[in-house]
Every structure is written in structure tokens, then in C-alpha cells.
> 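Pasting in a structure now, in C-alpha cells, and then I'll have a few things to ask.
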Amino acid sequence: MGLRKPPLREMHAERDASFTEFGGWEMPVEFDSIRTEHAAVRESAGIFDVSHMGEIQVAGPDATALMGRLTTNDVSELEPGDTQYACITDESGVILDDTMVFRLPDREGQPHYLFIPNAGHDAEMYERWVSHRDEWGLDATVDDTTEEWAMLALQGPEAPDLAAEASDGLTTDIDRFEATFCEVAGVRSFTSRTGYTGEDGFEFLVPWDEAETVWSAFDCQPCGLGARDTLRLEMGFLLSGEDFHPEDEPRNPYEAGVGWTVDLDTEFVGRDALEAVEREGVDERFRGVVLQQRGVPRHGYEVVDADGDHLGHLTSGTMSPTLNEPIGLGYLSTEQAPPGTRVRVVVRGEPKQANVVTPPFINR
Amino acid sequence: MSFDVPADRRYLESHEWTTTDGTVRIGITDFAQDELGDVVFVELPAEGDEVTKDGEFGVVESIKAVSDLVSPVSGTVVGVNEDLFDAPELVNQDPYGDGWMIEVEPSSEGEFDDLLTADEYREQIE
């Protein structure tokens, strides 16, 4: 099967972007340089094409029950316009995906939700929702609209001004973690004030064939997935497939540092397993490391103590463009490597000194 | 996009270049630095170390990738560009000049013959 392409694929190519495969999609990884793009988002503004993210809509009399039983957070708290971060776990509490849940305005008097699975997870999540709906006999419609809506993310300290200008001020009426339908560059957009870079910013869900109009309305740095990765890494945000993966890196939300997305007062798949985990604690926790010696931490590198004994491993790492320091994320022994511990990261066979920290690496 | 490929050097398919007279200098090509993106770390051998033709002599890392460095010739390392330890971005800024990596005293002159010429290397990357 060929790679799926975002609607702006050709426009990005004309702009000389380089591309990468991510979650079955061919996506722009770099337009100018990761450093340039990263700095633009931290200091002014950048725009990302994140149309590879999934969009699944759930509506109907039992939509709240279906969403609540398949996500870890308490969806019943959401009013139309609210957003919520949540995990999707299996019976054993292992994270299958992490997602943002939006409550849309009611449809025909019934609750209506949109959730955003990670790239390449849309078909699997659609199947999961439909099969559980049928198994539980719930009355809700489930639609995968991933290839109907493009998703663009405008991020950075200047994003609010740019967005306000393109929307007659409508976008700045919403607070962080809220969302609304409004016109952006004349296009009807489901606009949320969220993002994954640590900066203030907006995500615009717009019809696939109107993505170019919205993208072109913002005079700021185009950014690829490379900068998106370094930005989220500095914030300690999880990357699906890298920092957790049901087969290669099976982790529950407590290990992954997102236990706050788990509401044990709700009934969801994986709840009982997670209640036990919450009670008993976890052997390994998601932590940050900062190397004190030359080198770059990477996915898969082992972390050991001064005697060379295993303490854990890294799942992500890079040279932080903001700090100009080598930073990594990974799972370390809860008891033996709490924040403040001096450890060694094994870089191509050589143990390099590093300090364990609690992410984020930068204050935002 | 067109990349700089100086005619006075020889090349490896893995994107290293070498000069060919006397003590040779070795680095990575304009194409390679562009593919890697922002170079943030370079690991090089020490003076006096031996390198082997087609053997790894170090590592170059960008923000997004790690890449082994392959030696175009065999010989003894007689110079190391230590400026790259503090300023690895020189590899991006001037890959054939200030971004050079090591100097080698070759042990066999015949090894240059099967390296790519500038024209052959240009064909490979275009």
C-alpha cells in the first residue's frame, strides 16, 4: 500500500521540504532547518501541517457512554467546547494510544465528540469503537473523518496575534484547552487553543480542500515533523510509537507519567488493572536525563549506574535546540533513579555521565 | 537542488570526500550535510590512530540522525579538526573547508583509484 499524503503535499514539495514516512503518511520533516523552525516556534511563530493525525467523530444518545468506556479520563465532565487529554488502554492497562477528546456542539440534541488518534491509528481506533459499541449494544454513530479534515497547527508566542488577525478576533475569544467553530481566513474551521510544543497556539481542523487557504493566511515559518519532535521532547510530551507502543514499549499511564489522565471513578477498559497499578506503584517511571558529557542520547540507549548495573533505557533523545544540551526521555527504575540521581547513558558502548530530571526540560 | 562537488577530490558512495595529494584531508560532502541537517556532534579518532579504507573512523550526528563516518583510505591519523568539538555546525557551513574532519597519512597510494571522481559522485546524488 502506498503512503497516505496530506492535502498540502505538493505545496510542501514546491517549498523544497524534505519528507519522511510517519505512521503510514508521507509528511514534511524539514523545510529550512530544525534549528530555524524550532527557534521560530519558541520565539515568534511557526505553522505545522499535522493532517496525518486521525479524526474520529462519535455522536448519539450513548456517545458519552461509549467515549467514557474507551478512554481513561472522565469524558462526562466536558461541556461543548471543552477539550481533554486521555489515554486509550487495553484490558491490562497498557496504553494503545493517547488522544485529545473534544466535545463538539450537540448534534440533533445528542452529545457529539471528536477525538484525535495518532498518525496511522485511525482505522484501528475506528474498529475498536465500532466493535465495542456493537458488543455493548450502545446507540452511537462512529465516523472516521481523517481524510476529510486537514489539521494545521499554529504555535508560538505570536500565534494569538496571527490567529486573531485571520479570524476577526474570533480565535482569541477561546481560552487554552477550549475549542470552537469559527471562520479562519474565510474558511469554517474547528479551532482549538491547544498544541504539542509547550507554546500558546491553535489547531485548525478545516475541510481537506481548503487547507491551502488557511495555511497561506499565516505569514510565519513553515515547520516540519523534525522541529515538532524537538519541541515536544523539550516539554517531555510523549510520542506515540516511540515513548510507548503496545508491543515494543508496553507502558501504562502511571509509568508514562500521565497518571493524571486516569479517572478511576469511571468505568473504562483497563480500569481494574490500572487501579491495581495505582495501588501497588510502578517499578519504572518516565524521566528525563541531561548528559554532562559530549554525546547525544537516542532511542534505545541503556541507562546504568556507576557500577554498570541496568537502571533503564531511553525512548527519545536529541540535542535540545533551546538549551543546546543533550537531553533524553525514557523509563528508569523508580527506586534507584529518582530525579537528582547521577547515572550513565551508554552511548555506543561508552557510559556518559548524566543527571536524572523531571521533565519538562524548559519552563513554559 | 544542486550541491557543490569540487573536482579536485575523490568521493565514497557513503558521501565522504578526500583530497588526493600527500597528507590527505577527509570530510563529508555538501549533499551529506544537507541530508543530515543541523550537525550537533562529531566523534573523531585521535592523532596516531590507524584508519582502514572502508572502515568506520567516527560518527557525525545531527539533531535528527546518527551517521557513521567511513574512511576513503587506509593510513595513520595525523590531524584532527578539534574546532568541530565546540562548533560542529562548521560541517554544515563549510563542509569542504573549515568543516573537514581528519588528516591522514595514507599507507597505500593505489587506494585512490577506485574512489569516485567528482563527476561519478555527482551522478550518484542527482
Side-chain angles (χ1 to χ4, degrees), chain A residues 13-22 27-41 223-234 239 242 291 293-301 314 316-328 345-350 352, chain B residues 1-4 14-15 28-47 49 51-52 55-71 77 80-95 98-99 101-102 124-126:
Chain A
E14 283 166 22
R15 177 63 174 69
D16 272 339
S18 55
F19 289 84
T20 190
E21 186 274 332
F22 192 85
M27 298 302 295
V29 65
E30 200 172 345
F31 286 86
D32 293 297
S33 90
I34 290 177
R35 265 191 201 286
T36 304
E37 295 163 29
H38 184 107
V41 173
C223 300
L225 295 190
R228 192 168 171 83
D229 191 41
T230 53
L231 289 157
R232 71 90 198 169
L233 227 153
E234 287 182 343
L239 178 62
E242 191 94 345
L291 252 62
Q293 292 179 289
R294 295 180 61 246
V296 186
R298 302 283 184 186
H299 177 90
Y301 285 6
L314 301 186
S316 295
T318 193
M319 184 69 78
S320 157
T322 303
L323 302 171
N324 212 25
E325 287 180 353
I327 60 169
V345 174
V346 184
V347 178
R348 287 183 295 282
E350 199 182 322
K352 307 246 185 185
Chain B
M1 189 179 279
S2 89
F3 295 99
D4 192 15
S14 50
H15 312 291
I28 66 167
T29 66
D30 187 25
F31 174 83
Q33 68 77 23
D34 186 74
E35 285 283 296
L36 280 166
D38 303 292
V39 172
V40 292
F41 179 73
V42 182
E43 192 173 280
L44 300 173
E47 280 185 32
D49 286 357
V51 294
T52 313
E56 289 164 14
F57 73 85
V59 171
V60 57
E61 297 199 35
S62 66
I63 288 177
K64 66 184 176 192
V66 184
S67 187
D68 290 326
L69 294 163
V70 177
S71 181
V77 177
V80 176
N81 187 359
E82 293 182 359
D83 290 349
L84 299 185
F85 299 151
D86 292 326
E89 63 274 14
L90 290 172
V91 177
N92 295 115
Q93 292 162 1
D94 192 9
D98 292 343
M101 290 175 173
I102 55 171
Q124 182 197 308
I125 60 173
E126 279 172 1

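Please read all numbers here as calculations on a predicted model, not as lab measurements. Residue numbers start from 1 in every chain, and the chains themselves are labelled A, B, ... in the order their sequence lines are given, proteins ahead of strands.
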> When you measure from the side chain of B:N92 to the backbone N and O of B:V39, does any donor-acceptor pair fall under 3.5 Å?
yes

> Does any backbone or side-chain atom of A:P326 lie under 4.5 Å from a heavy atom of chain B? Answer side chain, backbone, both or neither.
neither

> Not counting sequence neighbours, which residues clear side chain to side chain donor-acceptor pair (under 3.5 Å) with B:S14? List them please.
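Here the qualifying residues are B:E16.
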
> Chain B contacts: which residues in residues 30-40 of chain A have a non-hydrogen atom closer than 4.5 Å to it?
A:E30, A:S33, A:I34, A:R35

> Quick one: does B:S67's side chain get under 4.5 Å of B:V59's, heavy atoms only?
no

> Taking only residues two or more places apart in sequence, or in another chain, which ones meet B:H15 in a ring-ring contact (aromatic ring centres under 6.0 Å, His included)?
B:F31, B:Y121

> So, are B:E43 and A:R294 salt-bridged, with charged N and O less than 4.0 Å apart?
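Here B:E43 does not pair with A:R294 in a salt bridge, since their nearest N and O are not under 4.0 Å apart.
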
> Once side chain to side chain donor-acceptor pair (under 3.5 Å) is applied, do any residues pair with A:R298, and if so which ones, sequence neighbours excluded?
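Counting only residues at least two positions away or on another chain, A:R298 forms a side chain to side chain donor-acceptor pair (under 3.5 Å) with B:E61.
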
